[in-house]
Structure formats: structure tokens, C-alpha cells
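In what follows, a structure is listed as C-alpha cells, so that the remarks can point back to it.
Since this is a predicted model, take the numbers as computed values, not measurements.
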Amino acid sequence: MEYYPMPLFVKLSVKNMDDSLKWYNEVINFNSIFELPDKDGNTIMAHIRGEKYQDILLLKDNSQDKCSNRVSL
């Protein structure tokens, strides 16, 4: 695994981190670079990567909204 500075990240809010990580891994072959757990061991942030510079930061969305629609750079 190569480490390099990222000029920016696409950040996506997700409702279900486990399902999201599974989808990114199985469907478009992204791999987890780093996962940050909360005090209960649940992943609340994940840095995932496809090819070089195809990095995405997934952030657990705990809002009460039915679906998440937040994307930021």
C-alpha cells in the first residue's frame, strides 16, 4: 500500500458503514486504507481507495434523515 499526500478528498456521508464498505469493496474494488472506530468499535470513518488518487472518505451519518445526501470536498 502506497502512502502519499492527498490534495483533497471526496467525503461521502453514509447511513450504514458496513454495507457501504462492502459495496465499495465488492462492486468497484476499492480497499480500506484506514478505519476509525468509535468507543464501541463501530466504524465511523473510513478512508478507501481504488487506484492511485481515487480516494474517498466515508463518514457515518447519524442524522435522523431517511437518506444521506451529503458530498463535500
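Side chains of Asn25 and Asn31 form a contact here, defined as non-hydrogen atoms less than 4.5 Å apart.
Considering CD1 of Ile56 and CD1 of Ile33, their distance stands at 11.5 Å, rounded to 0.5 Å. Here the straight-line distance linking atom CE of Met45 with atom CG of Asp38 works out to 12.0 Å at 0.5 Å rounding. Here CG of Leu59 is found 8.0 Å from CG of Leu12. Values are rounded to the nearest 0.5 Å. Taking CZ of Phe9 as the start and CZ of Arg49 as the end, the distance is 7.5 Å to the nearest 0.5 Å. In this structure, CG on Leu21 lies 6.5 Å from CD1 on Ile48, to the nearest 0.5 angstrom. Of the inter-residue distances, the one linking Met17 atom CE with Leu58 atom CG reads 5.5 Å to the nearest 0.5 angstrom.
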Assess whether side chain to side chain contact (heavy atoms under 4.5 Å, CB included) is satisfied between Val14 and Tyr24, documenting all intermediate values. CA-CA 12 Å; Val14 298; Tyr24 276 99; 5.6 Å; no
Run Thr43 and Lys60 through side chain to side chain contact (heavy atoms under 4.5 Å, CB included) and show every step you take. CA-CA 8 Å; Thr43 302; Lys60 177 77 170 113; over 6 Å; no
Before you tell me yes or no, could you show the steps for Trp23 and Asn16 under side chain to side chain contact (heavy atoms under 4.5 Å, CB included), namely the whole-Å CA-CA distance, both residues' side-chain angles and the distance that decides it to 0.1 Å? CA-CA 11 Å; Trp23 186 87; Asn16 187 310; over 6 Å; no
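Closest of all the heavy-atom pairs between Tyr4 and Tyr53 is OH-N, 2.7 Å. The two atoms that bring Asn29 and Glu26 nearest to each other are OD1-O, 4.3 Å, heavy atoms only. Listed here is the closest heavy atom pair of Phe30 and Gln54: CE2-O, 3.2 Å. Contact detail for Ser13 and Asp61: the closest heavy-atom pair is CB-CB, 3.9 Å.
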